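All remarks here apply to the structure that follows.
For clarity, every value in this text was computed on a predicted model and none was experimentally measured. Chain naming here is simple, since letters A, B, ... match the order of the sequence lines and numbering starts at 1 in each.
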Amino acid sequence: MSRAVLVDLTRCIGCRSCQVACKSWNDNPAEQTKCLGAYDNPPSFSADTWTVVQFNEVEQADRLQWVFAKRQCMHCEHPGCVAVCTVGALTKTPEGPVVYEASRCIGCRYCQYGCPFGVPSFEWDKPLGLIRKCTFCVDRAEEGYETACVKACPTDALTMGTRHEMISEAHRRINARPHKYHGHIYGEKEAGGTSWLYISPVPFEELGFPMLDGEPMDYASSVIMNATPVTLAAAVGVLSGLYWLTKKKSQAAEEEG
Amino acid sequence: MDLSRRDFLKISGVATGGLFLPSGTALATGAYSYPLHKPIGETPTICCFCGVGCGAIVAAQDGLVVNLEGDPDHPINRGSLCSKGMALAQLNTVDGKPNPKRLTKPMYRAPGSDTWQEKDWGWTISEIAKRVKATRDENFIAQDDQGRTVNRLEAIASFGGAALDSEECALLVKALRSMGLVYIEHQARI
Amino acid sequence: MTNHWCDLQNSDCILIIGSNAAENHPISFKWVTKAMEENGATLISVDPRLTRSSSKADIYAAMRSGTDIAFVGGMIRWVLKDMEQNPGRYNMTYVREYTNAAFLIDPEFKGAPDLDGKFSGFSPGDADPNFGKYDKSTWTWQKDQNGIPLKDPTLQDPNCVFQLLKKQFERYDPETVCGVTGTDLEIYLQVCETYAHRSGPRGRSGTIMYAMGTTQHTHGTQNIRSYSILQLLLGNIGVAGGGINALRGEANVQGSTDHCLLYHILPGYLAPPNAAQPMLQDHLDAKLAGFATFDPKSASWWLNYPKYFVSLLKSWYGDNATEANDFGYEWLPKLNPGTNYSHIPLFEAMAKGDIKGLFCWGQNPAVGGPNSNAERGALKNLDWLVSVDLWETETGAFWQDPAAGGAAGIQTEVFALPAAAAYEKEGSVVNSGRWSQWRWQAVDALGEALPDLDIIKELMVELVDLYEKDGGAVPDPITKLRWKGWYDANPLPRGADSLVDLVSREINGWAETTIKNDDGSVRYDEGKLMGTFGHLMADGSTSSSNWLYTQSYNETDGNRQKWRDNVDYHPAGIGLYSKWSWCWPINRRIIYNRASVDLDGNPWDEEDFVIRWTGPEGNWEGDVPDGGWAPMNMEGTRYPFIMKPEGFAHIFGPGRTDGPFPEHYEPMESPLNPHPFSGTQNNPAITIWRPDEFGTPDEYPIVATTYRVTEHWQAGAMTRNMPWLVELMPEMFIEMSVELAAELGINNAEVVTIESKRGSIQAAAIITKRFKPFTIMGKTVHQIGMPWHWGFKGLSVGDSANKLTPHVGDANTTIPEYKAFLVRVKKGGVE
Amino acid sequence: MTTLAMRKPSTTGKIVLAILALVALLGVGTGIYRLVVGLGATTNLSDAFPWGLWIGFDFSLIAFAGAGFTLAAVIYILNLEQYRPLARASVLTGLLGYTAVLVILLIDLGRPDRFWGFVVFWNYHSPLFEISWCVLLYTTVLALEFAPMLFERFNKPNIVKAIHSITIPLVIAGVTLSTLHQSTLGTLYLALPNKTDQLWWTWVLPLLFYVSSIGMGLAATIFVWILGSKAFGRDVEVDLLGGLAKGSIWIWVFYLVVRGGDLLFTGDMAAVFAFDSQSIWFWIETIIGVILPIVLFSRASIRASQGGLFIVSLMAIVGVFMNRFNATLTAQAVTQYTVPAVSEVASYSPSWIEYSVQFGVLAAVALAWYFAARLLPIFPETAKEGH
């Protein structure tokens, strides 16, 4: 059964304990930051920052809402990063996490393109750099603990369970308080579904979430890639055939000549 | 709940989240297994920041803190913490080393000097006691101008205590009042 | 807090005013969220700007800093009007029987409506006739021949408190209120109706969460009074999910206040003797006179004062405290009556050179004190300064202040002592809900850092030694102390296994001699820990460093502060967790809880009851009741508000220095002069130290306030040295509205200068929609806000907001007016 | 044994060679520096732009090096024997092109020490995995095709003969591998549907990449042949090259029809006329690389002129370079997530070290081509191999 986290933005108070919990559990050092003219910091994901809470001032129908959204690896059901990784260093486990096996990685950074959420980050400062990203606290999970961020969340804005349970819980909350939520469950369908699911008081466009359809990132490429053996056989066949034809033609010409 | 399990020194740290019942060994079937890369924590403490009084558990190795997170048994915070509380480990340990900003030795700054000097505790305590005695002896008000016995000292003041443990506060107030202090003030008013 | 954190879940309506719980007490929102999600509670947030707390609120009302009494006064007026039309929506029994609403007040008493904003008895001061003192003799109730207060249970007598309250707030109509506070009228009316109707009916509860946004005003105490009056009218005190809840900002500000590291109180909220009380009996007589009651139904708990006072003296002076020597009473310092020894006058005395030595125990006034330019200047007058801290603070390093003009001219000797962090030592801390919780040592202190406990012990041992050897000015208070040979004995006395254990036992108290019952049987052997403060004695046979904590460490249970049973044993499951740690007094988790039941002992709220009377011969079940007496309709009962001499909660509060009712005054620096409520501009009972240091709105047109952020703590020495937190909030900043930024041509994130009459600082601009300009009496008034966490030391440095704040304080407590002052803002950094 | 060794370079030639050597040397130095201190300190790459100049050049050079498989197919599969004189040069171009690709790729990898990773760790869903394997195998094929020149030079006729005996299987393998990876380079962007601009993202992108690599291969052959001939002062076989140019018209027409038809079919045509930076780049690459070569190569006079052939083939080359750079940079949205408070959009322009390494490698390859042509039987007049 695949694990998932439901992020309820109506409950998040923007305290960012999840951000520190992530650094703390993963022994990630702090970054040098500066005031960006808002509370958000660090400005982006990086090799040392795997989750960031964004602060959104959303004005709708004369009402100003301050909506906080924790962002991190979405642990897609059909992860783009996994699809493109040259060496299979990234894998989607049946339990949910998209895990990264550092010992395989060659540092090609294709995963950074493959991810629609801008998640994998590269260790630019190291001579031998690797990719770093949220692990879904796969080690904690294996021992039966919640992820560091889910555990740290004061208001249960983060809830962990099976993906199926979390989707039902999201529906339950939206149905129980329809006025409080914008009805969409982000991640239920997006990019083929994700293990991190969001419900929000405002449309997700307002929060800058990528607007994705239900197709996995690698939908098109995998059709082509899966056709590789066919292409291969066809190429060999066509080339051999052409060769045979032209050879025959030229031999005939020679004989004639 | 199984109370016999609740030996405080052996807090299991098992998550209290009701919905999350992990499959535990499920990943062992995969190509890799992911054992905990460090201990979760076993010594309970109370967060030293605000007045909510959240519980935390601390894991220490070789004299440094290797992990600190919310105490899952604590009825107020139930394993959660805010960002300040989550960062508590850094009071002691930053990036695997002692926090370099911590004071680790008594320091003394001489009149007019622009630097600190490191001192030992014996010298420091003895010198401070001498200062207190000199100031007290010189400025003690045994009787006020109306001839009433007041036994007070207005030339020394004390600030603070909200960050101290209660036992420390109890000792401190006893010490300060015995010296005759009346300028006793702390964060409750600030 | 009258209640506690977990109890927030039981609330039907939560009013956050003067606090920003989501940011400064984030875990409180676990319980606020629970109340909203599971109890259907409504959340109201009142704040000058939309905060992280407001972001979760059902109703957010913007309010100009410093106008709480106008805001809440208008709510009180709304409730009083609604009570006339819809009495069924309110718990009138509570108002009549448990508060002093029915009391008849001295007809000589005149209130603010009569005296243009002042109360009877005012005499102007010499320096400025706007400020003076009150003679409070008319602020009292009429009494019958037995000395029992006269009441009108119909609440109709024009001299009864209820009618006087109505009269007091008649001027606070919604339009005038919103003209002063700048709140949108429609939203304001929504706040009034929602709070009254969600929390007013019987069985419903509403809670007010407040903090320094309430207290740090020249009328801070009266701000709280206005909340209390509202809560009493709505029957919200003593009930689950109710109360008046001060969210305390430091881990042990409650414990340190209980132990009274404050000039005006001794441990357990006893009074320090003053010069007019030469002998113990003089002191006790003076105190007891104030607690006297002639009503047999009034408990007036403070009548036990002598027991607590003598037990404290015994605890301090041990065997040297005897009946013959007044238990060492003479050794206690006597305050000069009427002298204020609090923070502001302390620094004024320092500025004058009267203070030679200063101890700072984890406190950093160079950043946290008001008018910090002046306060940093005053530090230069010290001969010596001892700063005990984890870090090099701005106070300990004040001589390095870049603005100080060089260290060479500063003659102060400074000792910076390394203290152990919370989990590097063992001891207890008391949270806002009065839970005294133990923390264990997880790791050794870094380097040579020591627990403060050891530092205090060693220092005092050394001092006692010096006085024993060399004598000196009046050595007895020091040499007679139970200290040397006690705390450093080996083995430690009374079976203690560590110093902290000994002190913890001492706080609880023990029998100094064998104590016998009336029948001659032994109640306590000598040295046995006291089981309850009910057993403390005034004859020197018991000692306790703090009567409030008696029971915390007893012979039966051991150290209850170490208890970690997190099962909620309350029969209604309201989340008291009575076996998790220990709570004062005697583990009562919700105080004034006898007001949560009707006259027969049946709870107003059957579902979420705190206590209930279980039967004819019965008993109370639930929380530890506020005194075990029977319900009000039975024999041997007592009124529920046992700490008040007459037993009733104070809607009319004669104890304050600035009036028995709250009255709106503007902050010392205000954009609104005059204001529409009266001709009295400022709280007339405050003290003015620096009359020339107030700015006027023509020079400084913008209202400013200070606050904290989740990611930093107080004066910042802790959090500005923790990289993960510095990363989240790296810089000093100022928040301002989009409109003000446009007016001043300021771009987001650029550096701006903020100037007040007292100083100027620079900060990065955060331009936000969360601040909106106010319309105050028809005029646009801008407000800005900034955190006060920064200073010039540590990993993250920045200007201190308190360079801008004034040296003026509340009339009752002298807490500085940090939360409302005037500034101007300019593009660019400080020149 | 005839070689061009006796043909000493002119003074201008010497200066050019010296400059190339200098640039190559600087490239080696900066390349080593990059390996020692890491990517962050030496490049302007970031999480917002993980791929830059190097990857842009790499993907372009793979197309350029398509000269190898294109000519092999023309000569051996289509049996157009008249082009056989060009075969060796195109193999050399291919081999050196792929060598440059591999060197740059190595420098660009976060873990150059693990460049072999894809051999051991397989992810056959990954376009880059397939490309890596194909490039590895195809470079081997090229090396084998190149081997006879070496062995001829060193008079090992048996080995030459042995290799010749497997020429056809080698050519079929080479063309097949090229077909796979030249098209998969397009698939590489197909896997980034939300990042790649609609003007480049299309289901037919693999086909477009494949077709353009053939056009590029022809253009590269013409370009290199002319440049190489000039370097050794030999006459250029204009008629031969004109034939290739004529052939390439049909390639580019096919390309244009597919790309235009796709844009019409998918309704993305509006974006073509949006005239934002993407559409402007689209127009530039299409006009320079496709439309102008079609128009100009259609003129027999240009096909018959050495200068015309050179310039127009260069246009096609530049066009395909642009196409690959556009797909890698212009068409790609910033890959990194940033919080809403960050208002400025991240941008990328290569650091001088990136340029230095890139041009160093190109210079080294040019030098290698020159010396190979000088020392080995590359041009027909030096080749032993008869018809």
Side-chain angles (χ1 to χ4, degrees), chain B residues 8 43 45-46 48-54 58 60 75-77 82 87 90-91 98 101-105 107 109 111-112 114 125 129 131 133 135 137 140 142 148 150 152 155-172 175 178 180 182-186 188-189, chain C residues 5 26-27 248 250-251 253 255-257 259 261 263 275 333-334 341 343 346 356-363 384 407 411 414 416 418 421-423 427-428 431-432 437 439-440 442-443 446-447 452-453 456 458 460 462-463 466 472-473 477 481 500 503 545 566 577 713 721-722 724-725 815:
Chain B
F8 71 84
T43 310
T45 187
I46 301 296
C48 63
F49 292 121
C50 82
V52 175
C54 299
V58 191
I76 296 177
N77 60 302
C82 72
Q90 291 198 324
L91 281 183
K101 290 284 183 180
R102 275 283 294 274
L103 282 175
T104 53
K105 274 181 180 304
M107 308 291 262
R109 182 260 178 184
D114 61 358
I125 292 289
R131 302 293 182 285
K133 183 163 189 301
T135 307
D137 286 352
F140 198 74
R148 303 178 292 194
V150 293
R152 69 171 181 255
I156 299 179
S158 174
F159 270 129
L164 306 188
D165 292 350
S166 290
E167 294 73 19
E168 294 168 338
C169 295
L171 269 204
L172 183 58
S178 79
V182 286
Y183 279 118
I184 298 173
E185 184 63 315
H186 91 295
R189 207 185 315 267
Chain C
W5 300 106
I27 304 300
R248 312 221 60 173
E250 308 220 14
V253 72
S256 57
T257 306
H259 291 287
L261 280 163
Y263 83 92
K334 313 290 183 298
Y341 296 94
H343 183 102
L346 190 164
K356 313 287 183 199
L358 175 67
F359 287 101
C360 285
W361 306 89
Q363 189 164 0
W384 53 267
Q411 295 307 309
V414 185
Y423 51 73
S428 66
N431 78 356
S432 239
Q437 307 186 87
R439 40 188 191 197
W440 284 266
V443 63
L446 287 184
D452 297 75
L453 196 69
I456 298 161
E458 292 294 335
M460 206 59 199
E462 184 80 11
L463 194 64
L466 283 180
L481 209 56
V500 69
V503 178
S545 315
N566 65 3
Y577 304 103
W713 190 63
N721 283 311
M722 295 162 74
W724 287 329
L725 297 174
I815 193 168

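The CZ atom of Arg189(B) sits 10.0 Å away from the NE2 atom of His343(C) when rounded to the nearest 0.5 Å. With rounding to the nearest 0.5 angstrom, the OG atom of Ser545(C) is 10.5 Å from the CD atom of Glu167(B). In this structure, CD in Glu185(B) is found 13.5 Å from OH in Tyr341(C), a value given to the nearest 0.5 Å. Here SG of Cys54(B) is found 8.0 Å from CD1 of Ile46(B). Values are rounded to the nearest 0.5 Å.
Within the 4.5 angstrom heavy-atom criterion, atoms from both the backbone and the side chain of Ser158(B) approach chain C. Proximity to chain C is limited to the side chain of Arg148(B), based on heavy atoms less than 4.5 angstrom apart. For Tyr577(C), the part sitting under 4.5 Å from any heavy atom of chain B is the side chain, from C-beta outward, and nothing else. Looking at Trp724(C), both its backbone and its side chain come within 4.5 Å of chain B, counting heavy atoms on both sides. Both the backbone and the side chain of Met722(C) come within contact range of chain B, with heavy atoms under 4.5 Å apart. Both the backbone and the side chain of Leu446(C) come within less than 4.5 Å of a heavy atom in chain B. For Leu463(C), the parts lying under 4.5 angstrom from a heavy atom of chain B are both the backbone and the side chain. Heavy atoms closer than 4.5 Å to chain C are found in both the backbone and the side chain of Tyr183(B).
The candidate from Asp137(B), Thr45(B), Val58(B) with the greatest count of non-hydrogen atom pairs under 4.5 Å with chain C is Asp137(B). Ranking Gly362(C), Gly427(C), Pro26(C) against chain B, the residue ahead of the rest is Gly427(C), based on heavy-atom pairs under 4.5 Å. For the set Gly53(B), Ala188(B), Cys169(B), Ser178(B), the count of heavy-atom pairs under 4.5 angstrom toward chain C peaks at Ser178(B). Chain B forms more heavy-atom pairs under 4.5 Å with one residue of Arg248(C), His259(C), Met460(C) than with any other, namely His259(C). When each of Asn721(C), Thr257(C), Leu261(C) is checked for heavy-atom pairs under 4.5 Å with chain B, Leu261(C) comes out on top. Between chain C and the residues Cys48(B), Ala60(B), Pro75(B), Ala129(B), the most heavy-atom pairs under 4.5 angstrom are made by Pro75(B). Heavy-atom pairs under 4.5 Å with chain C peak, among Leu103(B), Val150(B), Asp114(B), at Leu103(B). With chain B as partner, the option from Ala416(C), Ala422(C), Pro477(C), Ala442(C) having the largest number of non-hydrogen pairs under 4.5 angstrom is Ala416(C). For the set Cys82(B), Ala87(B), Gly161(B), Ala155(B), the entry with the most heavy-atom pairs within less than 4.5 Å of chain C is Ala155(B). Here Val52(B) is the residue among Asn77(B), Thr104(B), Val52(B) with the most heavy-atom pairs under 4.5 Å with chain C. Considering only heavy-atom pairs separated by less than 4.5 Å from chain B, the leading option among Gln411(C), Lys356(C), Glu462(C), Arg439(C) is Arg439(C). Listed options Gly255(C), Gly357(C), Gly447(C) were ranked by heavy-atom pairs under 4.5 angstrom with chain B; first place goes to Gly357(C).
Scanning for side chain to side chain contact (heavy atoms under 4.5 Å, CB included) contacts around Asn431(C) gives Ile76(B), Trp5(C), Trp435(C), Gln437(C), with sequence neighbours left out. Glu168(B) is linked by a salt bridge (Lys or Arg N to Asp or Glu O under 4.0 Å) to Lys425(C), counting only residues two or more places apart in sequence or in another chain.
Inter-residue side-chain proximity for Trp361(C) and Ile456(C) is flagged as met; some heavy-atom pair is nearer than 4.5 Å. Between Leu725(C) and Gln90(B), every side-chain heavy-atom pair lies at or beyond the 4.5 Å cut-off. Contact annotation: the side chain of Leu91(B) approaches that of Tyr423(C) to within less than 4.5 Å [non-hydrogen atoms, C-beta and beyond]. Between Leu171(B) and Leu453(C) there is a side-chain heavy-atom pair separated by less than 4.5 Å.
Checked against Phe359(C) for a side chain to side chain contact (heavy atoms under 4.5 Å, CB included), the options Ile156(B), Leu172(B), Ile184(B) give a single hit: Ile156(B).
Residues Arg152(B) and Pro333(C) share a closest heavy-atom pair of CB-CB, 3.8 Å.
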